[in-house]
There are 2 protein chains.
Amino acid sequence: MTSRQNRQRDRAERGIPEATVARLPVYLRALTTLQDGGVATVSSEELATAAGVNSAKLRKDLSHLGSYGTRGVGYEVEYLVYQISRELGLTQDWVVAIIGVGNLGRALAGYGGFASRGFRVAGLLDADESIVGEEISGMTVEHIDRLEDMIADHGVSIAVIATPAGAAQVVCDRVVAAGVTSVLNFAPVVLSVPEGVDVRKVDLSIELQILAFHEQRKAGGPGDYDPVADDGAPPGATQYVEAVVEA
Amino acid sequence: MTSRQNRQRDRAERGIPEATVARLPVYLRALTTLQDGGVATVSSEELATAAGVNSAKLRKDLSHLGSYGTRGVGYEVEYLVYQISRELGLTQDWVVAIIGVGNLGRALAGYGGFASRGFRVAGLLDADESIVGEEISGMTVEHIDRLEDMIADHGVSIAVIATPAGAAQVVCDRVVAAGVTSVLNFAPVVLSVPEGVDVRKVDLSIELQILAFHEQRKAGGPGDYDPVADDGAPPGATQYVEAVVEA
DNA sequence: TTATGTGAAAACATTCACAGCT
DNA sequence: AGCTGTGAATGTTTTCACATAA
């Protein structure tokens, strides 16, 4: 089965697993790298290795998009790049606003990954008057008062929040009220948003804590070199810091 | 059952689910916020709301650490903060090295979240001679040649890689060879590491692409305004951008 | 009475292993 | 002969619903 014509509807029938969606960008990056290297065709085994997954998972993931490979051969790189881009919505441009121009906001403004894959930064906004007007990566920082205007004028559909923790929810409420339904949050707070709004979170501190957990487990195993041999300190002995983390 | 004495071994018997580990830092943050607000006791319902999960999940997660609540009452905030901190390995200090002092590296160096929760930055390293010696957030940037020395001298156990994509694997190989077994990678590449080394990845571009996917689905529903209405373009018709994303 | 802790059920995700197509 | 695509099996995570304890 699976005639050429109804590939698109066969699978992808409203509903690619979330775990798969999260891996598609990784596949896409591996594919574009191969493409830059002049590779025209790739097997699931090769692509899986490049993407850091196993081949069964890769094939299952791709099968949710449709039947884009050739048995006995593999996948045509260019075709697959196009199909994944399309599935992810990267064949159209998305307009992004960056709110909060501290260290992180500046880093984001200069990040090459925005421009290069269909994400256009409409502008940078900050509440701090002393920063407003400053030129960063070819953009002039605007006052946060301009937020709603900018969203409307430029058709912003993704808001990147890089403010301090205390300002994040207020900013989030404003962008949502202005019609934005996708938010990428770098502030270390749990944002609450109405139904239908997507929030994704990038949190350095959380990643470090997860690493620490595993690191501790390794060190705790029997027989380890343990340079600064610290025992299981008694409760209360360690002055564990309570300060709330801020962006 | 579950006498006071063997709480620790009862559950947590080698093996907290990974999904739970990933949420513990979120609970911890919610708890410290409550603590700062003077709250002494919290119910699973309240804490779950603050952490952005449902209460059943929260209770199941906490049950993997032990039985730290009181039926009919809730959890003692301070006690739970300590237990989670301990489980995550935050009652000891972890030494971090940041490699790559571009925009992102600078942002990371100035990030409050490091110092405030048991993560100490041993130093900043970069290959660019013109940056070496520069003072950033109270630290002097050192040359990448010093990498192995720094890891040995300061007992670095977590490496934060914030280099361009092209340098990331080489840097990773070096830190692993020097004995580091936990890596936080900001470069947009899949790092390959030997068994026993943990890598976590933070990738802005991937997060944006996941948001774009969902945004597209929303817009794609029947009856929508669809600003740049793009049909199912034939393969090859669209000049989709191929540029590799870089940090 | 109230809210935790947890078996059991359901949903979701990964891996296996091979039929089927090129 | 080789590699995809996929049912079936296995493993993990979430949710349900209630016995249990304060």
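The sequence lines fix the lettering, A, B, ..., with proteins before strands; numbering per chain opens at 1. All values derive from a computational prediction rather than experimental measurement.
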J.: Choosing from C:dG7, D:dT4, C:dT14, which nucleotide comes nearest the side chain of A:Ser43?
T.: D:dT4
J.: Below the 4.0 Å mark, does D:dC3 have OP1 or OP2 next to a side-chain nitrogen or oxygen of A:Tyr68?
T.: no
J.: Under 4.0 Å between a side-chain N/O of A:Asn54 and OP1 or OP2 of C:dT15, yes or no?
T.: yes
J.: How do A:Val73 and A:Arg23 order along DNA chain C: which one's closest nucleotide is nearer the 5' end?
T.: A:Arg23
J.: D:dC16, D:dT14, D:dT6: which one has an atom nearest the side-chain heavy atoms of B:Ala56?
T.: D:dC16
J.: Expressed as a whole number of angstroms, how long is the span from B:Leu65:CG to C:dT6:C1'?
T.: 15 Å
J.: Quick one: is D:dG5 close enough that its OP1 or OP2 comes under 4.0 Å of any side-chain N or O from A:Tyr75?
T.: yes
J.: To the nearest Å, how far apart are B:Leu80 CG and C:dG5 P?
T.: 9 Å
J.: Report yes or no: is there a donor-acceptor pair, N or O only, under 3.5 Å between the side chain of B:Arg71 and the base of D:dT20?
T.: yes
J.: In whole angstrom, give the distance that lies between atom CG of B:Asp61 and atom P of C:dT6.
T.: 13 Å
J.: With a cut-off of 3.5 Å and sequence neighbours excluded, list every side-chain donor-acceptor pair involving residues 171-182 of chain A.
T.:
{"unit_1": "A:Asp173", "atom_1": "OD1", "unit_2": "A:Gln169", "atom_2": "NE2", "d": "2.8"}
{"unit_1": "A:Arg174", "atom_1": "NE", "unit_2": "A:Glu148", "atom_2": "OE2", "d": "2.8"}
{"unit_1": "A:Arg174", "atom_1": "NH2", "unit_2": "A:Ile144", "atom_2": "O", "d": "3.0"}
{"unit_1": "A:Arg174", "atom_1": "NH2", "unit_2": "A:Glu148", "atom_2": "OE1", "d": "2.8"}
{"unit_1": "A:Arg174", "atom_1": "NH2", "unit_2": "A:Glu148", "atom_2": "OE2", "d": "3.4"}
{"unit_1": "A:Thr181", "atom_1": "OG1", "unit_2": "B:Glu215", "atom_2": "OE1", "d": "2.9"}
{"unit_1": "A:Thr181", "atom_1": "OG1", "unit_2": "B:Glu215", "atom_2": "OE2", "d": "2.9"}
{"unit_1": "A:Thr181", "atom_1": "OG1", "unit_2": "B:Lys218", "atom_2": "NZ", "d": "3.4"}
{"unit_1": "A:Ser182", "atom_1": "OG", "unit_2": "B:Glu215", "atom_2": "OE1", "d": "2.4"}

J.: Under 4.0 Å between a side-chain N or O of B:Ser44 and OP1 or OP2 of C:dT4?
T.: yes
J.: Between B:Trp94 (side chain only) and A:Gln216 (backbone N and O only), is there a donor and an acceptor less than 3.5 Å apart?
T.: no
J.: Using side-chain contact (heavy atoms from CB on, under 4.5 Å), reason through B:Val21 and A:Arg217 one step at a time and then give a plain yes or no.
T.: CA-CA 12 Å; B:Val21 172; A:Arg217 289 270 148 140; over 6 Å; no
J.: In whole angstrom, give the distance that lies between atom CD of B:Glu76 and atom P of D:dA22.
T.: 16 Å
J.: Which is more 5' along DNA chain C, the nucleotide nearest A:Arg59 or the one nearest B:Glu45? Just name the residue.
T.: B:Glu45
J.: If only side-chain N and O atoms count, and only distance matters, is there a donor-acceptor pair under 3.5 Å linking A:Ser205 with A:Gln209?
T.: yes
J.: Would you say a side-chain N or O of B:Thr70 is under 4.0 Å from OP1 or OP2 of C:dT4?
T.: no
J.: Check B:Leu28, B:Leu31, B:Leu34 against B:Leu80 for a side-chain contact (heavy atoms from CB on, under 4.5 Å) and give me the one that passes.
T.: B:Leu31
J.: Whole-Å distance between D:dG5 P and A:Lys57 NZ?
T.: 18 Å
J.: A:Leu58 has an atom CG; how far is it from atom P of D:dT6, in whole Å?
T.: 14 Å
J.: To the nearest Å, give me how far apart NE2 (A:His64) and P (D:dG5) are.
T.: 12 Å
J.: Starting at atom CD of A:Glu18, determine the distance to atom C1' of D:dT14, rounded to an integer number of angstrom.
T.: 15 Å
